[in-house]
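Within every chain, numbering begins at 1; the chains are lettered A, B, ... in the order of the sequence lines, protein sequences first and strands thereafter. Everything quoted here is computed from the prediction, not taken from an experiment.
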Amino acid sequence: MLERIYKAQQMMDGACKALGRQINIMEVCGTHTVSIFRNGIRTVLPKAIKLLSGPGCPVCVTDQSYIDIVLELAQRDDCIIATYGDMIRVPGGAGSLETRKSTADVRVVLSSEDALQLAKDNPDKTVVFIAVGFETTAPATAVVIKEAAERDIENFCVLSGHKLVVPAMRALLSEKNDRIDAFLCPGHVAVIIGYGAFGQIVDEFSRPCVVAGFEPMQIIEGLGEIARQLGEGRAELGSVYTAAVTEEGNTVAQRLIAECFDCADGYWRGLGEIKKSTLKVKDKFEQFDAFRRFDVTETPTEDTSGCRCGEVLCGLIEPSQCRLFAAACTPETPVGPCMVSSEGVCAAWFKYSRRKEKRK
Amino acid sequence: MTPPAEKTILLAHGGGGKLTEELIRNYILPKFKSPALASLPDAAAMNLDSTSLAFTTDSYVVKPLFFNGGDIGKLAVCGTINDLAVAGAKPVALSLSLIIEEGLEFSVLERILDSIARAADESNVEIVTGDTKTVEAGAADQLFINTAGIGTMLDGVELGFERISAGDKILLSGTIGDHGMTVISQRKDIRFQTQLKSDCAALAGLTGELLEKTAGVKFMRDPTRGGLAATLNEISGQALLSIQINEPDIPINPTVQAGADMLGFDVLNIANEGKFVAVVAPDAAGACLDICRNHPLGKNASLIGEITEPGDVAMVEMTTKIGGKRIVRMPYGRELPRIC
């Protein structure tokens, strides 16, 4: 193992020398971010390699107005909110699901199937499934939408906050942060969409895109491969996650997504509106679309808390550059979503890296 | 023909009348042999062979009541014994308080009482006093147990944060995360190829041997809720010293690791119920490790790191498998499953 680490380190050293400047590599996936911090990967990289944590944590990129809709629905006596655990503590404009738990019926589920089961078990209530996540969780949402339609489970609906990774990468490079030299691409998403899907970023922006799994060695070797390309002045599509990822991905899952959702413009926290970047429930299944059933829409507003999660998610600043970080904003008292989510960048910084203690 | 309805606990079983008497005389007392308990006095009178005592209490609310490797009863006995054991005491007697939700099946209660009796017997600890309450359906989740324990301090043993100094070694008695992952996986109905098993066990035998045969143990604690991370942070915070640990030296069952990875948990934060962490003088570390490894409950024991002088602040730092460094912080309180 040490030899493989050494080899990747040498690639990175070589690239830094060849370019003669700092190299900025963005990991787009929250699971990568956590693995990088948990394994101390930053501490074994050359100083000139800078890792930026991107918008790859689904909770973190969910717009506050979406959370506000969830909170609004949670207040209704006729609704049960079924959500993945990570969403429970995310602050909206006024509180979070956790603070509403005493008055609202909020259930944490591990899968979309659990949410549908809740609807079957509670026929007198409408179960609203808070469907967030990237291409990884979208197929599971599609499955329950189809099942609800086939079995006429009318008291079930989905508030789709699903998002697509590639449009966000494109938006980042074209609008927010052109200093990103390469992307370490998410393994889980690539299992579904195939590593080939990142080819458009390579073609359009000439940036290396390399898919890696979540083991520390995978990440280091992915970074080594990126460095090799940069050192040689090339930008290619690659994958070191050969055990799980194919070029075309999981076509069954892709078909499920296409069957139930349309690509739509949508809001991302920090990145604003991105064209064709979210998944909206298809007209054919409109009765299972919570947005339409309750006639609610996302209306993004200015965040006045002073939270700089948006800039953190674009790799423009590090968490420690935010005035709130580790002072007003901690995992116990989170202000922004990046501190709430277990895969959030700020939480990872807070938990795993050395920092100067700030006074509250 | 419908089978006869199973006999269940009624509110009246806690009412202090005939049904309470029946519950105690017919179901609880026969399980426990203690002469102190037999006459149901208001308080147990005991003769102890030392006046230096350790006294502790803990409540148990685990769900599900039964899990692979144990149940709430065994846990309630072992957990309290372990609190006495890591304080340097020989456990002598326990109290047993049951808070039972109306509707609990007698068969379930009996299985748990049997388990309590077995666990207490195995550790030579008597249940000397107790209490039973019932609450209406919904006011408790099946069964809550409180045990208090009393033990006599082992001769010449002095454990405390103040004895810890830089250079001391950190001894961990075995694999971590087994209990927490077992309970979580059973609660969430997650199945693994290899079945997980809680490490729930009473440690007084092993800690007693360690303290009697060596003089180098300075402090002990059982890493229950909050896991190894919480215990190490408590030690660092109280002793005002830093701790350096080495990830490859921390024994972890691969299935536990796989389950934690799947749910996005940090194994260092997951609860244990049959492990202890000891801070030992460097010259005694080898002997302590040998004693542990020769005991069935310590066969995977390992020296995982050492106490160091603090930098700006006392902290716990880990060298990872790939040779990187990271901080190990006090866990927030509960881990939330990740969503993708």
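- Partners of B:D249 under the side chain to side chain donor-acceptor pair (under 3.5 Å) rule, at least two apart in sequence or in another chain, are B:N246.
- Partners of B:F66 according to the side chain to side chain contact (heavy atoms under 4.5 Å, CB included) rule, which considers only residues two or more places apart in sequence or in another chain, are B:D71, B:V108, B:R111, B:I112.
- If you tally non-hydrogen atom pairs under 4.5 Å between each of A:N39, A:V44, A:I220 and chain B, the highest count goes to A:N39.
- In summary, A:R107 and A:D121 do not engage in a salt bridge, as defined by a charged side-chain N under 4.0 Å from a carboxylate O.
- Only the backbone of A:F37 comes within less than 4.5 Å of a heavy atom of chain B; no side-chain atom from C-beta onward does.
- The two residues A:C60 and A:S341 come nearest to each other via the heavy atoms SG-CB, 4.1 Å.
- Of the residues B:L171, B:I250, B:V277, the one that meets the side chain to side chain contact (heavy atoms under 4.5 Å, CB included) test with B:I304 is B:I250.
- Across A:M1, A:E332, A:M217, A:R42, the residue that shares the most heavy-atom pairs under 4.5 angstrom with chain B is A:E332.
- Among B:E247, B:M318, B:E317, B:M330, the residue making the largest number of heavy-atom pairs under 4.5 Å with chain A is B:E317.
- In this structure, chain B has a heavy atom under 4.5 Å from the side chain of A:I5, while its backbone stays farther away.
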